[in-house]
Amino acid sequence: MARYDLPTLDDLRELGTRRDNAITIYAETSPAPDAREGSYLNAKSAFDRAIRELREEGIRHATETALRDQWEKVRTDEAWTRLSSSVAIFLSPDQLQLFVLPNRLENQMQTGGHFDLGQIVRAVTTPQSAFALTLSANGWNLWQATPTTVATELELQGDHSTDVADATNRATIRDRGHVRRLVGDEGKKVLLEQYANRVAEAVSAELALVDRSGERPLFLFATDPLLDMFQAAYTDRTVVPVPGAPDELRADEIDTAIRAELPALNAAQNNAVVARLSDGVNRGLVATDLAEISKAASAGAVATLVYDFTRDIPGDIDSETGELTYDDNGYDVMSSIVVTVLDRGGEVIAVRADEIDSPLWNDTAIAGLRFPLIDTAQ
């Protein structure tokens, strides 16, 4: 049952439909074998709280039994022996989905007439891919982290120098003897610079094969002087320096460091997106009112939607016109709008309200349009 991929658009569409007694659980977990029990108990505690909430609302005994039957499937799933950083559980009497994800989601529980898709949509729509380079005089390795897998070492396609001695055709650079007129620390620096340049060339060639656009950042695990030397030699993509000895780093430590920094990188990129969207205000290509955004989404007019995924806005949306009606007993209209935008080929960016600093930002949503809203009525 457990899934180690992200939900598809069809999954989101299905999860976004209204259903009674829906339980949403996001739980932090750990891949460490000795943390399995704690990870499970974290999720189980959320489920127990959900059952108590539903009891207070007067659910029938048969409904509680059906929910507990669903949880038994969760409890016995092999996911608890193959954990990553988080699980997302969507459970109702007639629906069950369990996602195991490497990105760290926050502990959260919700009950109601719909699943809370906020965090899972953020995981789907927010870049969670990056490369890493562990670099020392003893050697270097390339790594890749994706939205569904922790950092793993990339298999190199080319034939490259393995360490500083190999790159400079020397047996060693650690002594202070003569090496082609290069002596001591000054000579060692020259050789390290040559090595850094060779590694930069190799990294450029290897990453061009898997990310030609150069959009994914490269995390650099190294110490000075190689840290600065490589950054001076490599300009293909954003480099995020992570100072510290790289030789003994485990894959999970590399992955943790990457995912700790990605939110800040994404926030900067998202602010740049909103700034670009703001340029379309005078041309009628920006909408900030949620009712207008809903209509524009239905008409296929939304090219880019930036929204606060932490807000739960209940209401109803006309499936034909996109007309929005606020209703405390309704479903999560934001999730519905998001799915509609994705379904029409638009881009969706889930953010926290405080991550965007544009004066145009209203802490809820902003949409960049393909054509002015007035055209949606024609």
Looking only at side-chain N and O atoms, does Asp94 offer a donor or acceptor that is under 3.5 Å from a partner on Ser92? yes

Within the structure provided, determine whether Val74 and Trp80 are in side-chain contact (heavy-atom separation under 4.5 Å). yes

Check the surroundings of atom CG in Asp224: do more than 12 heavy atoms from other residues, nucleotides or ligands lie under 6.0 Å from it? yes

For Glu320, look at atom CD and say whether over 12 heavy atoms of other residues, nucleotides or ligands are found less than 6.0 Å away. no

Min side-chain heavy-atom separation Lys44-Trp71 under 4.5 Å: yes

Could you grab the distance from atom CZ of Phe90 to atom NE2 of His114, nearest 0.5 Å is fine? 11.5 Å

Arg36 and Thr81: side chain donor to acceptor below 3.5 Å: no

Close side-chain approach of Leu209 and Leu207, heavy atoms under 4.5 Å: no

Apply salt bridge (charged side-chain N to carboxylate O under 4.0 Å, His left out) to Glu14 and Arg19, showing your working. CA-CA 10 Å; Glu14 171 63 21; Arg19 64 190 69 243; 3.2 Å; yes

So, does Glu206 use its side chain to make a donor-acceptor pair with the main chain of Gly158 at under 3.5 Å? yes

Taking Asp255 for its side chain and Ala251 for its backbone only, find out whether a donor-acceptor pair lies under 3.5 Å. no

Closest heavy-atom contact between Ser358 and Val274? CB-CG1, 3.5 Å

Before accepting this row, confirm whether a basic side-chain N of the pair Arg276/Asp279 lies closer than 4.0 Å to the acidic partner's carboxylate O. no

Say whether Val273 and Val338 are linked into one hydrophobic cluster, either directly or through other cluster members, by side-chain heavy-atom distances under 4.5 angstrom. no

Just so I know, are the side chains of Arg60 and Thr65 near enough to count as touching, which here means a heavy-atom distance under 4.5 Å? no

Candidate pair Ser136 and Asp247, rule side-chain hydrogen bond (donor to acceptor under 3.5 Å, both in side chains), full reasoning: CA-CA 7 Å; Ser136 76; Asp247 288 334; 2.6 Å; yes

Distance-only polar pair, side chains of Trp143 and Thr134, donor-acceptor under 3.5 Å: yes

Any Lys/Arg nitrogen of Asp11 or Arg3 sitting under 4.0 Å from an Asp/Glu carboxylate oxygen of the other? yes

Show, in sequence, the C-alpha distance, side-chain angles and deciding distance for Trp361 and Val306, and conclude whether the side-chain contact (heavy atoms from CB on, under 4.5 Å) test is met. CA-CA 9 Å; Trp361 176 243; Val306 181; 4.2 Å; yes

Considering all heavy atoms, the nearest Val302-Ala367 contact: CG1-CB, 4.1 Å

Output yes when a side-chain donor or acceptor of Asp48 lies under 3.5 Å from a complementary backbone atom of Ile51, and no otherwise. no

Could you check whether atom CG of Asp10 has more than 12 heavy atoms from other residues, nucleotides or ligands sitting under 6.0 Å from it? yes

Looking at Ser294 and Gly322, would you say the former's side chain and the latter's main chain have a donor-acceptor pair under 3.5 Å? yes

Closer than 3.5 angstrom, by distance alone: can the side chain of Arg370 be matched with the main-chain N or O of Gly300 as a donor-acceptor pair? yes

Before giving the answer on side-chain contact (heavy atoms from CB on, under 4.5 Å), spell out for Leu83 and Tyr40 the whole-Å C-alpha distance, their side-chain angles and the decisive distance to 0.1 Å. CA-CA 10 Å; Leu83 290 172; Tyr40 171 75; over 6 Å; no

Heavy-atom donor-acceptor pair, Asp316 side chain to Tyr326 backbone, under 3.5 Å: no

What's the verdict on salt bridge (charged side-chain N to carboxylate O under 4.0 Å, His left out) for Arg237 and Asp211, showing C-alpha distance, side-chain angles and the deciding distance? CA-CA 10 Å; Arg237 65 188 66 233; Asp211 180 33; 2.5 Å; yes

May I have the step-by-step check of side-chain contact (heavy atoms from CB on, under 4.5 Å) for Ile89 and Thr24, ending in yes or no? CA-CA 6 Å; Ile89 304 170; Thr24 304; over 6 Å; no

Between CG on residue Leu135 and OH on residue Tyr234, distance to nearest 0.5 Å: 13.0 Å

Heavy atoms, side chains only, cut-off 4.5 Å: are Phe219 and Pro241 in contact? no

Is it true that a side-chain atom of Gln119 and a backbone atom of Tyr26 form a donor plus acceptor pair closer than 3.5 Å? no

pair Ile23-Phe47: side-chain heavy atoms closer than 4.5 Å: yes

Rounded distance (nearest 0.5 Å) linking atom CD of Glu64 with atom CG of Leu54: 8.5 Å

Return the CG to CG distance between Asp69 and Leu96, rounded to the nearest 0.5 Å. 11.0 Å

Exercise: identify the closest heavy-atom pair between Glu28 and Arg104: CB-NH1, 3.6 Å

Short N-O contact, Asp252 and Arg250, less than 4.0 angstrom: yes

Supply the atom-to-atom distance Ser86 OG to Glu106 CD, rounded to the nearest 0.5 angstrom. 9.5 Å

Would you say that more than 12 heavy atoms from the other residues, nucleotides or ligands in this model lie under 6.0 Å from the CD of Glu215, or not? no

Charged N to carboxylate O below 4.0 Å: is that the case for Lys73 and Asp77? no

Considering only heavy atoms from C-beta outward, does the side chain of Val333 approach that of Leu324 to under 4.5 Å? yes

Return the minimal non-hydrogen interatomic distance between Leu98 and Ala79, and the atom names on each side. CD2-CB, 3.8 Å

Report whether Val239 and Leu192 are members of the same hydrophobic cluster (ILVMFWY, side-chain heavy atoms less than 4.5 Å apart, transitive linking). yes

Could you state whether Phe131 and Phe230 fall into the same hydrophobic cluster, counting links through intermediate Ile, Leu, Val, Met, Phe, Trp or Tyr residues with side-chain heavy atoms under 4.5 angstrom apart? yes

So Glu153 and Gln144, do their side chains get closer than 4.5 Å, heavy atoms only? no

Calculate, to the nearest 0.5 Å, the distance between atoms CG and CD1 belonging to Asp328 and Ile313 respectively. 12.0 Å

Arg13/Asp343 ion pair, N-O < 4.0 Å: yes

Testing Leu218, Leu265, Leu220 for side-chain contact (heavy atoms from CB on, under 4.5 Å) with Val240, which one passes? Leu265

Does Asn270 reach the main-chain N or O of Glu355 with its side chain, forming a donor-acceptor pair under 3.5 Å? no

Ala297 and Thr340: which non-hydrogen atoms are nearest, and at how many Å? O-CG2, 3.4 Å

Over all atoms of both residues, closest heavy-atom pair of Ala88 and Ile120: CB-CD1, 4.0 Å

Please confirm whether Arg82 makes a cation-pi placement over Tyr4, using NZ or CZ under 6.0 Å from the six-membered ring centre and within 45° of the ring normal. yes

How far apart are the C-alpha atoms of Asp116 and Gln108, what are their side-chain angles, what is the distance that settles it, and do they pass the side-chain hydrogen bond (donor to acceptor under 3.5 Å, both in side chains) test? CA-CA 10 Å; Asp116 187 334; Gln108 179 190 346; 2.8 Å; yes

Looking only at atom types and distance, does a side-chain atom of Thr76 sit under 3.5 Å from a main-chain N or O of Glu72, one as donor and one as acceptor? yes

Counting only heavy atoms not in Glu57 (residues, nucleotides, ligands), do more than 12 fall under 6.0 Å from its CD? yes

Heavy-atom donor-acceptor pair, Ser85 side chain to Pro102 backbone, under 3.5 Å: yes

